[in-house]
Number of protein chains: 2
Amino acid sequence: MDIIIVDDDALVSSSLKTIIESSDDCRVLATAGSGEEAVELYEANQPDILLMDIRMGQMSGLEAAEQILKTHPKAKILFLTTFADDEYIIRALKIGAKGYLLKQHYHSIIPALNAVYSGQNVFGEEITTKLPSVMSTNSNKKDFRDFGILDKEFEIISLVSKGLSNKEIAGELFLSEGTVRNYISVILEKLSLRDRTQLAIFYFNHLSDNKF
Amino acid sequence: MDIIIVDDDALVSSSLKTIIESSDDCRVLATAGSGEEAVELYEANQPDILLMDIRMGQMSGLEAAEQILKTHPKAKILFLTTFADDEYIIRALKIGAKGYLLKQHYHSIIPALNAVYSGQNVFGEEITTKLPSVMSTNSNKKDFRDFGILDKEFEIISLVSKGLSNKEIAGELFLSEGTVRNYISVILEKLSLRDRTQLAIFYFNHLSDNKF
DNA sequence: AACTTAATATGACAATTGTCATATTCAATT
DNA sequence: AATTGAATATGACAATTGTCATATTAAGTT
C-alpha cells in the first residue's frame with residue numbers, strides 16, 4: 001500500500017519512513033513537512049493512507065485533513081502525535097480521520113496501517129480510556145495520589161462525587177461539618193478546582209469507581 | 001498469537017477459525033459457544049486475544065467481558081457483531097474492550113487482530129462515524145427527555161456538568177443569572193435531585209451507565 | 001383587540017458552600 | 001518533659017446556590 005508521511009520534524013518523518021518500508025507491502029511515496037505540502041502531495045499522489053502529525057507549523061494536521069477530505073471523502077488519514085489530547089481526538093473523529101496513534105509505539109505502526117488499509121479505524125491504547133463519557137474499568141486512586149491527594153481526602157472526594165452534602169459527609173465519616181469543609185477546601189486547592197461540582201466531574205473523568 | 005473465538009453460532013465460529021488460521025501467526029486455541037464458557041476458557045488458556053460476539057444466549061459477551069476483565073485487567077477483548085449499536089459501543093468502551101468489529105468484513109479481521117495484538121484499539125468503519133455523536137451531548141437528549149427535560153434545560157444541564165457557575169452559564173447562553181437559577185431549580189425538581197453536583201453526577205451516570 | 005402562553009427577568013430569602021485564621025487534642029519524637 | 005505535627009474543630013465571613021412569588025415581554029391564537 002502507498003503511504004505519504006507528514007511531519008514538520010524531518011528526523012521523525014525519515015525514521016518513520018524507515019520503519020514503514022521495513023514492511024514488504026508498504027511503500028512511502030513521499031514525505032511532507034507542512035500541512036500545505038500535505039494537501040498538494042495528496043492531490044498529486046493519491047496515496048492509500050496519509051500518515052500525519054497533528055501539531056505542525058502554521059497549518060495543523062487537522063486543518064490539512066479537513067481540506068483533503070473535502071475533495072476526497074474516501075481519503076484514509078491517520079494521525080500520529082506525541083500526546084493524547086482530548087480535543088484532538090474529538091476533532092479528528094469529527095473530521096473523519098481513520099485513527100489516531102501515538103508516536104511512542106513505533107512497533108505498532110505497521111499493524112495499524114494494515115488495519116486501516118483494510119477498512120478499520122485504529123486508536124492507540126490510551127485513547128479509548130480518554131473518550132469523554134467513557135471510563136476505563138480499572139479503578140485507581142493512584143491518579144489522585146499524583147496530585148498529592150491523601151487517603152482521607154480521597155474518601156471525601158468519593159463522597160462528594162456521590163452527591164452528599166458536607167453535613168452528610170460529616171455524618172458518614174464522624175467529622176464535624178467544618179472539618180469536611182476544610183478538607184474540601186484543601187482538595188480544591190490541590191486539584192485547582194473551584195467547587196464541589198467541578199470536583200465530582202473531575203472524579204468521573206479520572207475514575208471509574210462509580211457504583212451508586 | 002493465540003486467540004479464542006466465542007460465538008453461539010457454531011457455523012460462524014468455525015468459519016472465523018478458518019479465516020484466522022489462514023494467517024501464519026494466528027492460532028485458535030479454542031472456540032466457545034456462550035459467555036460462561038468464554039470465561040472458563042479464558043481462565044484455562046490465557047489467550048492473547050478474545051474475539052467474542054456480543055449477543056449470545058443468556059450471558060452476553062459484554063457481561064462475560066466484564067467478568068474476565070475484573071480478574072484480568074490486561075485482557076484484550078475484541079467484539080464482533082452484526083450491528084453497530086450505540087448502546088453497545090458505549091458499553092464496550094466503558095468495559096475496556098480493545099475494539100469492536102463488524103462481522104461483514106471478513107478480510108479485515110486479521111489486520112484488526114494484529115493491530116490489537118500490537119496494542120492498538122480497533123473499530124470498524126461504521127463505528128467511528130458514530131463515535132462523535134455518541135460522545136457529544138446530543139446522544140443523551142433522548143434519555144433526558146424521558147424525564148420531561150426540555151432542550152433549553154438540557155443545554156443548561158450540560159453546562160452545569162462542565163463545571164460552570166450560574167453566572168458563567170448565563171453569560172454563555174445570554175440569559176440573566178436569575179433565569180439560570182430558575183431553570184436549574186426546575187430541572188432539579190424534575191429529576192428529584194437536590195443540587196447541581198447531584199445533577200452533574202446524574203448526567204455522567206447517564207452517559208456511561210447507559211442502559212444494560 | 002383581547003387572551004394565552006412561553007421565555008425571561010427580578011428581588012427577597014434561607015441554606016449551603018468555600019476560605020481563612022485560629023484553636024484544641026493527641027500521639028510520636030526528641 | 002518538652003516539642004512537634006498530624007487530625008480535627010470553631011467561628012466569622014463572603015459568595016454561591018436553590019426556592020419562590022411575582023413581573024415583563026414577545027409571540028401566537030381566538
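Numbers restart at 1 for each chain; the letters A, B, ... are given by sequence-line order, proteins then strands.
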Check: Can you name the ring pair (Phe, Tyr, Trp, His ring centres under 6.0 Å) partners of B:Y42, sequence neighbours left out?
Finding: B:H72

Check: A:E66: what forms a salt bridge (Lys or Arg N to Asp or Glu O under 4.0 Å) with it, not counting sequence neighbours?
Finding: A:R91

Notebook entry, point to check: Mind checking what makes side chain to side chain contact (heavy atoms under 4.5 Å, CB included) contact with A:A112, not counting sequence neighbours?
Noted result: A:L101, A:V122, B:Q120

Check: Does a side-chain N or O from A:N166 land closer than 4.0 Å to OP1 or OP2 of C:dT17, or not?
Finding: yes

Checklist line | Residue list, side-chain hydrogen bond (donor to acceptor under 3.5 Å, both in side chains) with B:E177, at least two apart or on another chain | finding: B:R181

Next item on the list: Name all residues meeting the side chain to side chain contact (heavy atoms under 4.5 Å, CB included) criterion together with A:L188; count only those two or more places apart in sequence or in a different chain, and write none if there are none.
Entry: A:I184, A:L193, A:L199

Next item on the list: Please state how far atom NZ in A:K167 lies from atom C1' in C:dG18, giving the value in whole angstrom units.
Entry: 16 Å

Checklist line | Separation of atom CD in B:Q198 from atom C1' in C:dT16, rounded to whole Å | finding: 13 Å

Next item on the list: For A:N182, check side chain to side chain contact (heavy atoms under 4.5 Å, CB included) against everything at least two apart and list the hits.
Entry: none

Check: Just checking, any donor-acceptor pair under 3.5 angstrom between side chains of B:S176 and B:T179?
Finding: yes

Just the atom pairs and distances: protein N or O near nucleotides 8-11 of chain C's N or O, under 3.5 Å.
unit_1 : atom_1 : unit_2 : atom_2 : d
C:dT8  : OP2    : B:Y183 : OH     : 2.4
C:dA9  : OP2    : B:S176 : N      : 2.7
C:dA9  : OP2    : B:T179 : OG1    : 2.9
C:dT10 : O4     : B:N182 : ND2    : 2.9

Margin query: For A:K190, give me all partners under side chain to side chain contact (heavy atoms under 4.5 Å, CB included), at least two apart in sequence or on another chain.
Written below: A:I149, A:L150, A:E153, A:V186

Protein-nucleotides 24-28 of chain D N/O pairs under 3.5 Å:
none

Item checked: Residues in salt bridge (Lys or Arg N to Asp or Glu O under 4.0 Å) contact with B:E172, at least two apart in sequence or another chain -> none

Notebook entry, point to check: salt bridge (Lys or Arg N to Asp or Glu O under 4.0 Å) with A:D2: which residues, sequence neighbours excluded?
Noted result: A:R27

Next item on the list: Tell me which residues in residues 184-197 of chain B put a heavy atom below 4.0 Å from DNA chain C, sorted by number, or none.
Entry: none

